[in-house]
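See below for the structure under consideration.
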Amino acid sequence: QVQLVESGGGSVQPGGSLRLSCTASGFILDHFGIGWFRQVPGKEREWVSCLSSQGGHTTYADFVKGRFTMSRDIAKNTVDLQMNNLNTGDTGAYYCATDVEMFSRTCKTTAEHYDVWGQGTQVTVSS
């Protein structure tokens, strides 16, 4: 069964850090580009960051650049999102997703390019 599962969400104070993980089962995650998105109630899902297949290229939304970092652990079949210096605007449900195109060398920044999605993990930043 092809599946993605996010973990690592939680509640932190502004300035704190969290590390999210996206774990794949049923397929080799390194063969696909991965995107992280987030969503708050009443708003559309927004793209946060992406990593092309086989670790070639990462791109970050301006509002997380310099604070968030994506990385792969091929042995664990996971992609992590290290989030530092969190602020209240980072609150939301975070989702990982795989690119519809296998072995894509480009990093996709819009949701229509992704097909397999996880169930999401909640991140809450508040004082």
Side-chain angles (χ1 to χ4, degrees):
Q1 180 182 4
V2 173
Q3 190 176 14
L4 290 175
V5 177
E6 301 95 339
S7 61
S11 296
V12 295
Q13 293 185 337
S17 298
L18 285 172
R19 189 176 184 90
L20 306 184
S21 289
C22 175
T23 302
S25 58
F27 66 103
I28 298 173
L29 195 58
D30 192 44
H31 291 178
F32 295 88
I34 301 297
W36 281 97
F37 293 77
R38 67 187 188 189
Q39 189 170 23
V40 295
K43 292 189 177 181
E44 291 190 358
R45 189 169 297 187
E46 65 178 352
W47 169 75
V48 173
S49 62
C50 57
L51 173 64
S52 62
S53 68
Q54 300 177 309
H57 179 66
T58 53
T59 305
Y60 300 92
D62 286 344
F63 52 80
V64 303
K65 201 172 292 184
R67 301 187 297 122
F68 290 14
T69 304
M70 286 186 73
S71 61
R72 282 187 190 269
D73 188 325
I74 295 174
K76 294 181 179 180
N77 210 27
T78 62
V79 169
D80 289 351
L81 181 67
Q82 177 66 42
M83 307 187 297
N84 297 327
N85 194 21
L86 287 161
N87 59 60
T88 56
D90 296 317
T91 294
Y94 282 69
Y95 301 87
C96 63
T98 57
D99 192 331
V100 298
E101 181 183 355
M102 200 171 181
F103 298 123
S104 172
R105 295 182 179 273
T106 61
C107 193
K108 312 294 176 52
T109 63
T110 52
E112 64 264 28
H113 292 289
Y114 296 86
D115 57 355
V116 179
W117 292 78
Q119 84 291 344
T121 187
Q122 179 67 33
V123 171
T124 303
V125 185
S126 68
S127 54

NE2 (H31) and CD (Q54) are apart, to the nearest 0.5 Å, by 6.0 Å

Within the distance-only criterion (no hydrogens, no angle test), does the side chain of T78 pair as donor or acceptor with the backbone N or O of S21 below 3.5 angstrom? no

CZ of R38 to NZ of K43, rounded to nearest 0.5 Å, is 9.0 Å

Heavy-atom check, side chain of T106 versus side chain of H113, under 4.5 Å: no

Atom OG1 in T69, atom CZ in R19: separation rounded to 0.5 Å? 8.5 Å

Mind listing the closest non-hydrogen atom pair of R72 and L51 along with its distance? CG-CD2, 3.3 Å

Determine, using the 4.5 Å side-chain heavy-atom cutoff (strictly less than), whether F63 and Y60 are members of one ILVMFWY cluster. yes

Starting from V116, can I reach L20 by hopping between I/L/V/M/F/W/Y residues whose side chains sit under 4.5 Å apart? yes

Looking only at heavy atoms, the pair that brings Q122 and T91 closest together is NE2-CG2, 4.1 Å

Separation of R105 CZ from S53 OG (nearest 0.5 Å): 7.0 Å

Considering all heavy atoms, the nearest K108-W47 contact: O-NE1, 3.7 Å

Least distance between heavy atoms, S49 atom then L81 atom: OG-CD1, 3.7 Å

Show your working on side chain to side chain contact (heavy atoms under 4.5 Å, CB included) between I34 and M70 and close with a plain yes or no. CA-CA 9 Å; I34 301 297; M70 286 186 73; 4.1 Å; yes

Relative to each other, are the rings of Y114 and F37 parallel, tilted or perpendicular (30° and 60° limits)? perpendicular

On a heavy-atom basis, which atom in T98 and which in L29 lie closest, and how many Å separate them? CG2-CD1, 3.9 Å

How are the rings of W117 and Y95 set relative to one another: parallel (under 30°), tilted (30 to 60°) or perpendicular (over 60°)? perpendicular

Can you find a heavy atom in the side chain of N87 that is under 4.5 Å from one in the side chain of R67? yes

Can you tell me how far apart CG (L4) and SG (C22) are? Round to the nearest 0.5 Å. 4.5 Å

F68/W36 aromatic ring centres below 6.0 Å: no

Testing the basics here: between E6 and G118, what is the closest heavy-atom pair and its distance to 0.1 Å? OE2-CA, 3.2 Å

Check for me, please, whether V2 and M102 land in the same ILVMFWY cluster - side-chain distances under 4.5 Å, paths through other members count. yes

Report, as yes or no, whether the 6.0 Å neighbourhood of atom CD on E112 holds more than 12 heavy atoms from other residues, nucleotides or ligands. yes

Could you please spell out the steps behind the side-chain hydrogen bond (donor to acceptor under 3.5 Å, both in side chains) verdict for Q82 and N84? CA-CA 7 Å; Q82 177 66 42; N84 297 327; 2.8 Å; yes

Test your reading of the model: is there a side-chain donor-acceptor pair from D99 to the backbone of G35, 3.5 Å cut-off? no

How many angstroms lie between atom CG of D80 and atom CG of L18, to the nearest 0.5 angstrom? 12.0 Å

